[in-house]
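What follows is a short report on a single structure.
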Amino acid sequence: MKYADVIIDISHEKLDKTFQYEIPDSLTDKVEIGTQVVIPFGRGERKIKGYVVDFSREPKIAPEKIKPVCGVAKDSLAIESQLIALAAWMKRNYGSTMNQALKTVIPIKKKENIREKKTVTFLLDEAQAKTEFTQLMARKNHSVAKERLLQELMEHRSISWEDITGRLHVPSSVIRDFEKAGWVEVTSARAYRNPISVGEGEKKQVILNEEQKQAVNTVLEDWNQNIFTTYLLHGVTGSGKTQVYMELIDACIRRGKSAIVLIPEIALTYQTVMRFYGRFGNQVSIINSRMSPGERFDQFERAKSGDIRIMVGPRSALFTPFSNLGLIIIDEEHETTYKSETVPKYHARETAIARGMMNQASVVLGSATPSVESFYKAKSGTYKLLTLTKRVENKPLPECEIVDLRQELRSGNRSILSRRLTELMEDRLKKKEQIMLFVNRRGLLGFVSCRACGHVIKCPHCDVSLSLHQGNKMQCHYCGYEVSKPTVCPECGSKYIGGFKAGTQKFEEVVKQRFPQARVLRMDMDTTRGKGGHQEILEAFSNQEADILIGTQMIVKGHDFPNVTLVGVLAADLSLNAGDFHSGERTFQLLTQAAGRAGRGNTPGQVVFQTYQPQHYSIVAAKEQDYLKFYEQEIVYRKMLGYPPAAHMLVILVTSPMEEHAVAMAQNLAELVEKSQEKVVCMGPSEPSVAKINDIYRRVLYLKWPKYQVLVQIKDKIEQYLLEKNDMRDVSVWFDFDPMSGF
Ligand code: ADP
Ligand code: ZN
Ligand code: ZN
């Protein structure tokens with residue numbers, strides 16, 4: 001590589017503005033992506049600093065006009081360097097431009113004015129103040145401004161800087177004099193837009209139990225030996241994982257380092273966030289997507305300046321510019337929100353581990369239902385496994401039962417509420433205890449199943465459910481296999497075979513009809529649009545303003561509702577047949593987490609799973625709250641069909657406003673893949689579940705191969721091909737490694 005692309009102002013909106021410089025031979029070993037270099041700039045060839053963000057072989061302008069890099073900046077360990085290196089890693093491993101990757105990791109300074117708010121606080125007590133005031137007045141030609149300020153301070157104790165220099169007409173030099181004399185303190189706390197005022201959190205002294213201590217000590221002992229690695233903290237619901245995180249953060253801070261805590265979504269985990277505030281006070285800050293760019297920028301600035309030591313937030317908090325990062329915690333690590341939906345489609349878990357390696361920081365992944373990927377790595381020794389097997393204070397896990405909906409149909413009950421669940425609901429309403437009902441939002445595509453025997457029609461090649469399309473066609477979204485919908489069940493001959501579809505609204509109607517006297521709240525995408533929407537509904541339910549809360553999985557995590565003693569999952573099958581290889585895992589997670597909501601208070605909880613597939617291992621294992629049982633079966637399935645983590649998957653999505661272009665390009669890419677050295681498994685091209693969005697046609701290819709880097713090489717090859725040979729300019733190609741859900 002002969003040339004370096006250098007960016008001058010890293011936090012500027014226009015990140016794509018790079019300048020090309022030649023790398024002299026003497027520097028080739030020293031210049032990497034992220035290195036801060038000194039370069040001649042502008043007409044006067046002024047020497048300034050910039051960051052190398054990319055390399056290229058070819059000059060972009062006449063070669064004689066390209067100037068050489070002068071040298072490497074001395075303080076080249078700046079946090080920006082680390083983040084640029086991380087962006088380069090993301091670009092390579094997930095497929096994107098360097099620019100897209102940079103925009104993901106670096107907070108952009110929109111022209112937000114940085115507000116400074118200084119407060120002047122009086123330090124003298126009444127007696128001291130009186131003495132000083134008398135002495136001042138005794139002096140001939142004493143300063144009137146001094147007199148005025150002293151008087152005001154005696155009266156108000158604390159006054160803003162602007163007020164003093166503005167309203168009181170006291171020059172700032174006088175304030176500085178007071179400061180030198182030790183009369184006042186100027187808290188130049190930059191007016192960071194602070195999202196939460198401190199002091200709201202819970203303060204609670206907790207003594208760790210043996211399992212928690214063991215988990216904490218494992219990490220601390222590693223730190224003592226300078227080992228920084230990745231841990232999977234697997235603890236049943238309510239086992240005290242958050243307490244373990246807090247102990248580790250405490251130790252991390254005492255070692256002079258900083259910590260990042262990733263949570264799936266602030267609005268849904270508000271209580272957790274408040275616990276961090278309660279324990280660490282104003283050393284904590286949060287960021288989230290609802291904050292203004294200015295607010296977010298401020299929080300990152302506070303992190304950079306050391307004003308805060310702990311950042312809590314969703315996926316993007318991972319890029320908090322702590323220069324002394326020591327610990328990254330990912331709570332609920334199995335959640336799909338950790339995978340970015342926009343390019344680069346990075347996974348926060350892998351990216352956190354990459355950042356951890358670059359920064360000598362440890363990564364702790366926590367979950368009651370770890371992702372199969374993480375548990376696989378924990379078992380193989382890539383991650384260290386820490387386990388909490390018991391709920392704190394030995395509270396029992398709730399009692400779960402499965403209701404067979406086929407049986408309901410046979411007995412003539414065609415409602416989605418089974419007799420058992422109805423009976424339990426009546427009982428709880430009578431006792432004035434609360435009920436939560438879950439519907440899984442996933443799988444709204446409609447799979448085809450038999451309500452008499454529970455049989456689900458699957459793809460013979462991919463072992464995922466086929467989904468129903470117009471014209472009674474059923475399709476596989478992985479390989480494109482297509483077949484007509486049968487009129488009778490191929491298993492039992494029943495005519496009760498058809499598409500399965502349902503949403504929260506439909507369930508709400510059914511519940512209200514059956515229990516007209518009950519107060520019902522619904523929480524889904526529709527009812528939580530506005531700012532604070534989640535919070536209001538959860539709070540109302542928490543204050544017992546409703547008897548029944550119906551919702552999607554967004555109510556699985558969040559508040560503790562001690563009065564909830566019954567949890568019903570209305571149709572466990574919705575997630576079981578979502579048409580992608582994660583469905584068994586998602587179902588187990590949803591059911592286990594949902595069950596974990598019941599019986600948090602003093603009355604033990606009861607849980608009902610309604611399903612047409614009562615024998616499915618995901619449902620049986622969830623009933624027994626047995627993660628290992630689930631895992632052992634799931635991993636066999638993944639290995640048999642070569643799905644992650646047994647292999648890696650690269651999804652290539654081709655889009656175009658011209659359908660024939662999307663089809664042709666997908667075909668070209670499939671042929672290109674065929675020709676690659678390794679005989680990578682290529683499925684498709686096929687139509688994704690949503691084959692057209694806003695008049696843009698979509699086609700998709702699925703590649704599977706044991707080695708991730710082989711897939712990365714194929715991605716590189718395709719990028720090269722698109723750059724050199726693509727004559728269909730209206731076609732876009734998107735990459736997604738190890739997808740979290742179907743397309
Ligand atoms: P998890 O994150 O595993 O669901 P939490 O950390 O939220 O569990 O703990 C559940 C509850 O138990 C919290 O209210 C927490 O304060 C409390 N708790 C945690 N550890 C202990 C402990 N060692 N002793 C007593 N209470 C604890
Ligand atoms: Zn049947
Ligand atoms: Zn298939």
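Ligands are counted one by one from 1 in listed order, and the atoms in each one are counted from 1 as well. Not measured: the values here are computed from a predicted model.
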Next on the checklist: Is R275 close enough to touch ligand 1? Criterion: a residue heavy atom under 4.0 Å from a ligand atom.
Outcome noted: yes
Checklist entry - At a 4.0 Å threshold, what atoms of ligand 1 neighbour a non-hydrogen atom of N209? => result 23 (N)
Checklist entry - N/O/S atom of C476 under 2.8 Å from the Zn ion (ligand 3), yes or no? => result yes
Checklist entry - Do V206 and ligand 1 have an N or O pair less than 3.5 Å apart? => result no
Next on the checklist: For a side-chain contact (heavy atoms from CB on, under 4.5 Å) check, start with the C-alpha distance between R638 and Y376, then their side-chain angles and the critical distance, and finish with the verdict.
Outcome noted: CA-CA 11 Å; R638 304 279 178 102; Y376 183 76; over 6 Å; no
Next on the checklist: Once you measure the plane-to-plane angle for F581 and Y643, does it fall in the parallel (<30°), tilted (30-60°) or perpendicular (>60°) bin?
Outcome noted: parallel
Checklist entry - Is the closest side-chain heavy-atom distance between W734 and I652 below 4.5 Å? => result no
Item to check | Short N or O distance, K241 and ligand 1, threshold 3.5 Å exclusive | outcome: yes
Checklist entry - Do side-chain atoms of R315 reach the backbone of T337 as a donor and acceptor pair under 3.5 angstrom? => result yes
Checklist entry - Centroid-to-centroid, F588 to Y617, below 6.0 Å? => result no
Checklist entry - Considering only heavy atoms, does L208 approach ligand 1 within less than 4.0 Å through its side chain, its backbone, both, or neither? => result backbone
Checklist entry - Short question: side chain of Y627, backbone of P370 - any donor-acceptor pair under 3.5 Å? => result yes
Checklist entry - Would you find a donor on one side and an acceptor on the other, under 3.5 Å apart, between the side chain of S676 and the backbone of V673? => result yes
Item to check | Residue I207 vicinity, atoms of ligand 1 by number, heavy atom under 4.0 Å | outcome: 22 (C), 23 (N), 24 (N)
Checklist entry - Taking non-hydrogen atoms only, is L388 closer than 4.0 angstrom to ligand 1 via side chain, backbone, both or neither? => result neither
Checklist entry - Measuring to the Zn ion (ligand 2), does C453 have an N/O/S atom at a distance below 2.8 Å? => result yes
Checklist entry - Of the choices T242, V236, T237, which has the non-hydrogen atom that lies closest to atom 6 (O) of ligand 1? => result T242
Next on the checklist: How large, to 10°, is the angle at the Zn ion (ligand 2) when you draw lines to SG on C492 and to SG on C489?
Outcome noted: 110°
Next on the checklist: I'd like to know whether ligand 1 has S239 as a neighbour, heavy-atom separation below 4.0 Å.
Outcome noted: yes
Item to check | Shortest reach to atom 25 (C) of ligand 1 by a heavy atom, considering only E211, E393, E247 | outcome: E393
Checklist entry - Hey, does the side chain of E211 reach the backbone of T389 with a donor-acceptor pair shorter than 3.5 angstrom? => result yes
Item to check | CD1/I207: more than 12 non-hydrogen atoms of other groups inside 6.0 Å | outcome: no
Item to check | Atom indices of ligand 1, in the order listed, that fall short of 4.0 Å to a heavy atom of G240 | outcome: 1 (P), 3 (O), 5 (P), 6 (O), 8 (O), 9 (O), 19 (C)
